[in-house]
**Student:** 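What follows is a structure written as structure tokens; I'll ask about it next.
Throughout, a chain's letter reflects where its sequence line sits, starting with A, and its residues are numbered from 1. Hydrogens, waters and symmetry mates play no part in the numbers below; they use all other heavy atoms, side chains included.
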There are 2 protein chains.
Amino acid sequence: MSDGMERDVVAPRRRPVTLRDVAEDAGVSVATASKALNDQGRMTAETRTRIQEAARRLGFRPNGLAQSLLRRRSFTVGMLTNDTYGRFSLPVMAGISEALVDNGVSVFLCNVEDDPRLGQLHVDAMLEKRVDGIIATGKRLDRRLPIDLSKLGVPVIYAFTEPDADAIAFVSDDEGGARLAVEHLVRLGRRRIVHVTGPARFAVVHQRAAAYRAVLAEAGLAAPAVMMGSWTESWGREAADILFAPQGEKPDAIFCGNDQIARGVIDGLRERGIDVPGAVGVVGFDNWEIVATQSRPPLTTVDMNLVSLGREAGMTLLSLVDGKPVEPGIRKLPCRLVVRQSCGRPPDG
Amino acid sequence: MSDGMERDVVAPRRRPVTLRDVAEDAGVSVATASKALNDQGRMTAETRTRIQEAARRLGFRPNGLAQSLLRRRSFTVGMLTNDTYGRFSLPVMAGISEALVDNGVSVFLCNVEDDPRLGQLHVDAMLEKRVDGIIATGKRLDRRLPIDLSKLGVPVIYAFTEPDADAIAFVSDDEGGARLAVEHLVRLGRRRIVHVTGPARFAVVHQRAAAYRAVLAEAGLAAPAVMMGSWTESWGREAADILFAPQGEKPDAIFCGNDQIARGVIDGLRERGIDVPGAVGVVGFDNWEIVATQSRPPLTTVDMNLVSLGREAGMTLLSLVDGKPVEPGIRKLPCRLVVRQSCGRPPDG
DNA sequence: GCGTCAAGAGAAAAGGTTTTCTCAACGCCT
DNA sequence: AGGCGTTGAGAAAACCTTTTCTCTTGACGC
């Protein structure tokens, strides 16, 4: 073979073209080149287009590191999460990313797994990379991230996780969400509504239970004792067994603490030959589509609007980075009821 | 009130302490300070500790942007995915992160949603931020990302997604995984094994089906026609209905293309009063724990080892970044069978 | 014709770190 | 005493871009 082009095992790493290369190509100084490309400064139109043309031809791409160094702004934020499966943090991340991408801001995603060492490692890496801000997310509202973020010298926002004192946080309005669900059942004429939910150690369990009781009280209905268990389908099935044991009054609606429980309840009812929604209406929580749409019948459930929550968090972080003052405190964002077929149709529908 | 300390609405942004501050504090030049902190150069032990002490006291943290600019290495990689729910890309990401975090490398996660504009936006942002490399991930092996990554001048690795020509890719060994599943059923003495799987347009559907047929042929068993449908529980239930319609020979094992189908099959069988694993053994694919552990009985299924796959991808990217040559090509990583209770016990167990 | 002004472009500093080179001082050997 | 090697530390360049300041040149008004 001739000594012609050999195929490399890996694409050759060519030196990136710098502003200096562009300037030389166009026969001007780097200062002029910079101004030409940023539409700043004064120069003849001819000069400007000549420089821009050179940049285009050479494939010039400004070095963000140099820009960041100068602007003291990296256009980068870090996101911390302990939600391994991303069930909650991915929608939040999507919203954050949506809010930031048009400003050229990228997101470091770091899963810290409730491991303080790992958390410190990631936070240190972020800080050295001079992130403009940090967003802390969690899998549940009650579990704190394993690191103290309050003294970092960088804006921090909490999204869907328990904030430190005096922090800025966005969480879902769980009381409001529970209200939507229970009011929906009441409006459909259900009279004996029970609540099957997760473990008592979760704050949201109590928030939702309180709203459940409040709505029933307002409607003049009795509130049976809240049934707490795990966040699983099997607990849902077990709850259905308990509720429809031979003796005792049977409910005509079940408000579940998450979609998995609801799915378990629905499966349990079907196996007992109880019609959903005919005899019993069921509402879930989370709107986890993969569960909610595949249950039989498809599940009416509360959506926490996590994408909007993320978007809000992202936009607020941006304000903070721009130096605008933001009141600390917890902002509760409204939920939304997604009506499918597990409750029957609303009377006015 | 006196003009004492007022509480700020937001933590004050103090100027970060630089090497220069440390040097001044210790009464040396920045050059010396740098060497002291990096354990380089020569100086008296007293000088070195004095500088290190000053750095510690002042809370000095080197500016990664400046370091990156100099080293031409940002210690940052970008990850592109089109897997909105993170079902596949999050485990891959976990593996990547695991491989990189100890080298101080952080990961930009970008969801591009099959949108070329969004993809270009994110890729541009990455390139300007001078990522050391890019990892492309997809939700399925067959759907290509909506951008051409081959001419970026940056190392690119594909993980669990269809690579461009001459690229480096890590994918799961779907033939091998299917083999594990079917061989397991054969070993347990199942004789009529059917395969219920996803849509024909997926490459993996054909790969797994081929392995399924091969194993049956090797065992001298007949291979009924592969049943292709959607990746859903409802297709699994429908398939169960078809297979156990009154007439015709009934299978004694079902190999399913994913865990959701398997779950649908199991539910369908239970509703027909057919015992799993007594009468019929069922194997799934993906080891999606939330589905596999909550089905009744818990599902024996194929795990694609996505975390290891991510780890391999991350380590290979690191080699590439270090300039080590890597053969292009597709590497298939082995799967692993997770035995639960949907097939009965192996005879030797 | 001289002073004023604007336009167009470049020089230089800044941002924070690393690294190479230089320099001064000192001890030691012949 | 002169030369040499060693040790400790600093100066300066480099990385790449942006921005301010300065400078030159030509036009224009009086």
**Student:** Looking only at heavy atoms, what is the nearest atom pair of A:Asp132 and A:Arg73, with distance?
**Tutor:** OD2-NH1, 2.6 Å
**Student:** Which atom names give the shortest non-hydrogen contact between A:Ile157 and A:Ala313, and what distance separates them?
**Tutor:** CD1-O, 3.7 Å
**Student:** Run the side chain to side chain contact (heavy atoms under 4.5 Å, CB included) test against A:Ala23 and tell me which residues pass, sequence neighbours left out.
**Tutor:** A:Val28, A:Val30, A:Ala33
**Student:** Grab the two heavy atoms, one from B:Leu149 and one from B:Ile134, that are nearest each other, plus how far apart they are.
**Tutor:** CD1-CG2, 4.5 Å
**Student:** Run the side-chain hydrogen bond (donor to acceptor under 3.5 Å, both in side chains) test against A:Asn63 and tell me which residues pass, sequence neighbours left out.
**Tutor:** none
**Student:** Near DNA chain D, counting only heavy atoms under 4.0 Å, which residues of residues 19-26 of chain A show up?
**Tutor:** A:Leu19
**Student:** Looking at residues 58-73 of chain A, who's got a heavy atom less than 4.0 Å off DNA chain C?
**Tutor:** A:Ala66, A:Leu69, A:Leu70, A:Arg72
**Student:** Which part of the nucleic acid does A:Ser34 contact within heavy-atom distance under 4.0 Å: base, sugar-phosphate only, or nothing?
**Tutor:** base
**Student:** So which atom in A:Gly133 and which in A:Val154 form the shortest heavy-atom distance, rounded to 0.1 Å?
**Tutor:** CA-CG1, 3.4 Å
**Student:** Judged by modelled atom types alone, do A:Asp148 and A:Ser150 share a side-chain donor-acceptor pair under 3.5 Å?
**Tutor:** yes
**Student:** Name the residue from A:Thr161, A:Asn111, A:Asp83 that meets the side chain to side chain donor-acceptor pair (under 3.5 Å) definition with A:Ser89.
**Tutor:** A:Asp83
**Student:** Please name the pair of heavy atoms, one in B:Leu90 and one in A:Leu109, separated by the smallest distance, quoted to 0.1 Å.
**Tutor:** CD2-CD2, 4.4 Å
**Student:** Do any of residues 123-131 of chain A sit with a heavy atom less than 4.0 Å from DNA chain D, and if so which?
**Tutor:** none
**Student:** Could you check whether any side-chain heavy atom of A:Arg61 comes within less than 4.5 Å of a side-chain heavy atom of B:Asp124, counting everything from C-beta outward?
**Tutor:** yes
**Student:** I'd like to know if B:Arg56 and B:Glu53 make a salt bridge, using a cut-off of under 4.0 Å between side-chain N and carboxylate O.
**Tutor:** yes
**Student:** Enter the inter-axis angle for the ends of the helix from C:dG1-D:dC30 to C:dT30-D:dA1 (five pairs per end, rounded to 10°).
**Tutor:** 70°
**Student:** Using every non-hydrogen atom in the two residues, find where B:Gln40 and B:Arg48 come nearest and quote the distance to one decimal.
**Tutor:** O-NH2, 3.3 Å
**Student:** Looking just at side-chain N and O atoms, do B:Ser29 and B:Thr32 make a donor-acceptor pair shorter than 3.5 Å?
**Tutor:** yes
**Student:** Only distances under 3.5 Å count here; give the side-chain donor-acceptor pairs of residues 95-103 of chain B to other protein atoms, sequence neighbours excluded, each with its distance to 0.1 Å.
**Tutor:**
from     : atom 1 : to       : atom 2 : distance (Å)
B:Glu98  : OE2    : B:Arg311 : NE     : 2.6
B:Glu98  : OE2    : B:Arg311 : NH2    : 3.2
B:Asn103 : ND2    : B:Ala99  : O      : 3.3

**Student:** Suppose we screen for side chain to side chain contact (heavy atoms under 4.5 Å, CB included). Which residues come up paired with B:Glu24, at least two apart in sequence or across chains?
**Tutor:** B:Arg20
**Student:** For nucleotides 7-9 of chain D, which of its nitrogen or oxygen atoms have a protein nitrogen or oxygen under 3.5 Å away, and what is each distance?
**Tutor:**
from  : atom 1 : to      : atom 2 : distance (Å)
D:dA9 : OP1    : B:Thr47 : OG1    : 2.7
D:dA9 : OP2    : B:Thr44 : N      : 3.1
D:dA9 : OP2    : B:Thr47 : OG1    : 3.3

**Student:** Not counting sequence neighbours, which residues clear side-chain hydrogen bond (donor to acceptor under 3.5 Å, both in side chains) with A:Ser106? List them please.
**Tutor:** B:Lys129
**Student:** Can you pull the contact range of chain B along DNA chain C, 5' to 3', using atoms under 4.0 angstrom from its heavy atoms?
**Tutor:** C:dG16 to C:dT20
**Student:** Test of understanding: with ring-ring contact (aromatic ring centres under 6.0 Å, His included), list the residues that count as partners of A:Phe108, not counting sequence neighbours.
**Tutor:** B:Phe108
